[in-house]
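See structure below.
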Amino acid sequence: MVERYAFKKIEERWRDFWCEQGFFHAETSDTEKKFYYLNMFPYPSGSLHVGHGRNYIIGDVVTRFYIMRGYNILNPMGWDAFGLPAENAAIDRKTHPREWTLRNIAQSKEQFRAWGIEYDWDREVTTCLPDYYRFTQWLFLKLYEHDLAYKKKATVNYCPTCDTVLANEQVVGGVCERCGTPPQPKTLKQWFFRITAYADRLLDDLEKLTAWPEHVKKMQSNWIGKSVGADVTFHAEDGEEIVVFTTRPDTLWGATFMVLAPEHPLVDGLTTPGQREAVEAYCQQASRQSEVERVSTERAKTGVFTGGYAINPVNNEKIPVWTADYVLMTYGTGAIMAVPAHDERDFAFALKFGLPIIPVIERPDGVVKTYVMKGTVQDGLADALRAEGYKFEAHSDGLFVTIKADQVDRYIELMRAHLLPGGWNEVVGARFAWIFDDGVMTLNSVEADKAILARCQASEPNVKDKRTLMEMVYKLDFYRDVLFHTDYGTMLHSGPFSGTPGGKAQEKVTTWLEKTGKGCHAVHYHLHDWLISRQRYWGAPIPIVYCEKCGLVPVPEENLPVLLPEVEFIGKMGLDDIPGYAETTCPRCGGQAERDTDTMDTFVDSSWYYLRFISPRYEEGPFIKEDVDRWLPVDQYVGGVEHAILHLLYSRFITKALCDMGYLSFDEPFKRLFTQGMVCHRAYRCPEHGWLYPHEIDGDRCPHCGALVETTDYLAKMSKSKKNVVMPADIIDRYGADTERLYTLFMGPPDRDIEWSNEGVRGAFRFLNRVWTLVLSQADRIAAAPKTVDADRLDENAKRLWRRYHRTVKKVTEDIEGRFNFNTAVSSIMELVNELSPYLEKEGDDALVRAVIEGLILILSPFVPFVCEEMWRRIGHSDAILDQSWPSFLPNALEEETCEIPVQINGKLRTRVTVPIDTARDPDALKEAVLAAKSVIKWLEGKDLVKVIAIPEKMVSIVIK
RNA sequence: GCCAGAGUGGCGGAAUUGGCAGACGCGCGGGACUCAAAAUCCCGUGGCCUUUAAGGUCGUGUGGGUUCGACUCCCACCUCUGGCACCA
């Protein structure tokens, strides 16, 4: 009987050992075999739960693995320590955000220690400390110096709950990323970083990031949102220019009205006295609404006619100018030309307000529809249509005909021959034509729309109330799907451009616009400049001074840091609430001046921290260029996918900016990116009393009211508010940190979200117990065993174990290094143990046992370092595991002598044949051997052999008849 | 609406290049040990149908297709998750 697996004692013993021995100390002067592994640094917002653990456990496994493989690995840790949550928590707890933050940092470090997760703590970086934010301010000054930081008055998103403005990227799904409040538009003078100057490079360079997950790149490219088209200048009647952006210059001839955003500066000037009241009411209402509210009204279009008109530069048509909130001031030029025939939104708007809709692009599918109303034609039409081969459906009230564009001319002739006097028939879709008894009219202009409609109204009182032809035909369901389309196609009714094919149309029109001075090529982005001013205390002060004489003056580098004022923290505050903070002297003239009282967005702090880790105590600058150039880009970056846009885009921008300024020689910060999934946990909720802790629940009932408890059927992210957090302390206390680590790694592929299961934890614990017992039971045998295995003298069983061992080493190595699949690495180690354990029960080869167990401990050690370190000593070693090199696998030890080949007959697996490995490798020999096998012959009797396919070492497939 | 990603036993998942589907773990069933329980160990465990061994058959969201062979490739669709969303 061996001693019990006393995980508490074991973990206590080794907890500080690795750090004390300096295994995790990285020497940045030594760049040979360097590896920079980086986890996104945490926000120290309280205690870390098992979900946070997943991220850092992965990092620790990889780090230990690379140490054993002889790499000089840098895996540093720091704290993203400024920001609102600290402030809000400090207000709640009546303390200072610094106190709260530093206490959480200490607590988190203690948690890392308990997990056995080691870092080079000499490189710790904390963004809220002056020795760090001093250089965040330096970064601001450099961006300012290079015209990449500027202050401007703009309409920005203001969160009333957080009492500060937000960057565009921090408005997620229309609400504040932090607190869920819809932000209000507010016009303020604020600092921006000119990230749009890098829009193209941020987009194009995504292609260089071959080791980034596709979906992250996709999200970034969507966020940047590049659209290519043209800016076109329209003129108001008084000559004022109205510039619109369009991605479809080929549809210009179909522009029948214009729409300006309610905030557009020209709205006021265009509004006529008669419309003023309505327009002002509409604009005011729009300005009060947040973007969410605008969108939430089911997208029913609203808008008001300004009374003003503009001239379409391509055909000199006079078109009305409207204002409507479906046009956003924040995109393009805040004004659009509306082409209702080829844009879904414009179509809906035109239909609602009775504006003309003129098709100017042919339908590529050429579908044309026409409805022949009963009583408008002579009786023989149906037979005539049939005789000509047209497809139609006959109903009691008429014929529903669907034809192709190239049949339209013949159809019109036929129709004219059958049309009764006073009636009409229209074709819609790829062609819009109205057939009257005395001629055919085409819907090719606003005038045509009016003229045709007038004729229809004259003969049909039912359509008297219709304002446009499109409105008239829209009431027939049969027509609806062909009335507008957004495809590219041949241009129609477009003056000299009519007939231009869809593929060339945009470019041809834009070039012509440019030549005639009516417009120009233009590109617009969804990405906006990064608003970095914040009106709250807990952030890096903006190092700018306003002097009455000298204006805006940057604080000289040598005066940094601009320190956060020491105050008693008593509630929500900004630096402007702190008496005396703003008062200063002008660095240029020495006169009286005022400081900028805003702080920087915390994403500025985290946009450069990966650079600081290389020389964290350097005081002459933020980093030493030569060292940073040698160590970056980061070889492997790991973090949550929630940073796919914000942090990762900002960091890429800052790196590129610093590169262009000459401070860096690389322009992408992270070579490989891995985004790990969340750890979720079932959450319980009483309809009456809200979220409940699992231990509170009484059977399946609420302890307060006895109501049936609801379980989340989706995977709920662990969060304090949902009371579904699993704390590492509980797991470590019951099973030890090694068990938590092993389970975390084993539970599923690390990039996927996963549900925490307490039963799964027990399984991991059981496995460690089995290994412990197994290893200790062999300790004496190992101590006495020879050191080298004589592979040639092993018997069958021993050989099988030897093969399994080498296969396991290979698998574990490849899974950590290449695939990041720790779950399959762990399961292959479990398989090895499953095979090892019965071998030990019989007489066996001592040297083999020794080699396999030693190897087992080594390959298991990155996953569960405590117990492995202990077992390593127990089998007679006095040196540390991290001093050992990672086991290698011998290719020839992987080889088997025979090979079992599955045999398929007519696609079904029927039998297996065991052949010598040499036979299995040669297709002809394999074919022959399989066809000669008894178990195969049985199937072939009396049948004709059609085909035999032999895949060496894989399988044989036989086709018979 | 658009763009990603996913869908495999009772559950988490495996199958890395088109080649034995369900590795490994959990759970469950049976057994051993025990006065008993826990722990531990052993055996079994996708469904259905025959069954003395054994075998047959269905089976990776649905429906088609390509192939000697499809979880894997192609087409269409359904569901879920995430991102963006009146982007002109």
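Chain identifiers are assigned alphabetically (A, B, ...) following the order of the sequence lines, protein sequences preceding nucleic acid strands; residue numbering begins at 1 within each chain.
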- Watson-Crick or G-U stems of RNA chain B, 3 or more pairs, under 3.5 Å, by first number: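 Correct response: B:1-7 with B:78-84, B:10-12 with B:24-26, B:27-32 with B:40-45, B:46-50 with B:54-58, B:61-65 with B:73-77.
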- Less than 4.5 Å apart, any side-chain heavy atom of A/Q220 and any of A/L203?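 No, too far: nothing below the 4.5 Å cut-off.
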- Could you work out which one of B/A23, B/C86, B/G27 sits closest to the side chain of A/E831?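 Ranking B/A23, B/C86, B/G27 by closest atom to the A/E831 side chain puts B/A23 first.
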- Nearest listed nucleotide, side chain of A/H215, among B/G27, B/A4, B/A21: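 My answer, after comparing the listed nucleotides, is B/A4.
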- How would you list, by chain and number, every residue that makes a side chain to side chain donor-acceptor pair (under 3.5 Å) with A/Y735, sequence neighbours excluded?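 Partners of A/Y735 under the side chain to side chain donor-acceptor pair (under 3.5 Å) test: none.
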- NZ or CZ of A/K301 within 45° of A/Y326 ring axis and under 6.0 Å: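 Cation-pi check for A/K301 and A/Y326: passes.
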- Task: For each nucleotide in nucleotides 40-52 of chain B, reading 5' to 3', give B when a protein heavy atom comes within less than 4.0 Å of its base, S when such contact involves only the sugar-phosphate, and - otherwise.
- Result: SS-----------
Between [X] and [Y], is there a side-chain N and carboxylate O pair less than 4.0 Å apart?
| X | Y | answer |
| --- | --- | --- |
| A/E953 | A/R921 | yes |
| A/K8 | A/D733 | yes |
| A/R762 | A/E759 | no |

With sugar-phosphate meaning primed atoms plus P, OP1 and OP2, does [X] contact a base, only sugar-phosphate, or nothing at under 4.0 Å between heavy atoms?
| X | answer |
| --- | --- |
| A/D346 | nothing |
| A/H526 | base |
| A/R910 | sugar-phosphate |
| A/G225 | nothing |

- Task: For A/H524, enumerate each residue passing the ring pair (Phe, Tyr, Trp, His ring centres under 6.0 Å) test, keeping only those at least two apart in sequence or located in another chain.
- Result: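 For A/H524, the residues satisfying ring pair (Phe, Tyr, Trp, His ring centres under 6.0 Å) (neighbours in sequence not counted) are A/F245.
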Pairs under 3.5 Å (N/O, protein and nucleotides 65-68 of chain B):
residue	atom	partner	partner atom	Å
B/C68	OP1	A/K947	NZ	3.0
B/C68	O2	A/S957	OG	2.5

Using atom names, set out every protein N or O paired with an N or O of nucleotides 10-17 of chain B below 3.5 Å, distance rounded to 0.1 Å.
residue	atom	partner	partner atom	Å
B/G12	O2'	A/M747	O	2.7
B/A14	OP1	A/N823	ND2	3.2
B/A15	OP1	A/R819	NH1	3.2
B/A15	OP1	A/R819	NH2	3.0
B/U16	O4	A/K811	NZ	2.1

- Query: Which glycosidic conformation, syn or anti, is assigned to B/A53 if syn requires a torsion within 90° of zero?
  - Reply: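 Here B/A53 takes the syn form, which means its glycosidic angle is within 90° of 0.
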- Message: Taking syn as a glycosidic torsion within 90° of 0 and anything else as anti, which one is B/G46?
- Response: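 Because its glycosidic torsion lies more than 90° from 0, B/G46 adopts the anti conformation.
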- Item | Spacing of A/E214 atom CD relative to B/A6 atom P, expressed in whole Å |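 One finds 12 Å between P of B/A6 and CD of A/E214, rounded.
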- Message: Applying side chain to side chain donor-acceptor pair (under 3.5 Å) to A/R752 and A/Q676, what does each step give before you reach the verdict?
- Response: CA-CA 7 Å; A/R752 227 184 287 173; A/Q676 99 280 357; over 6 Å; no
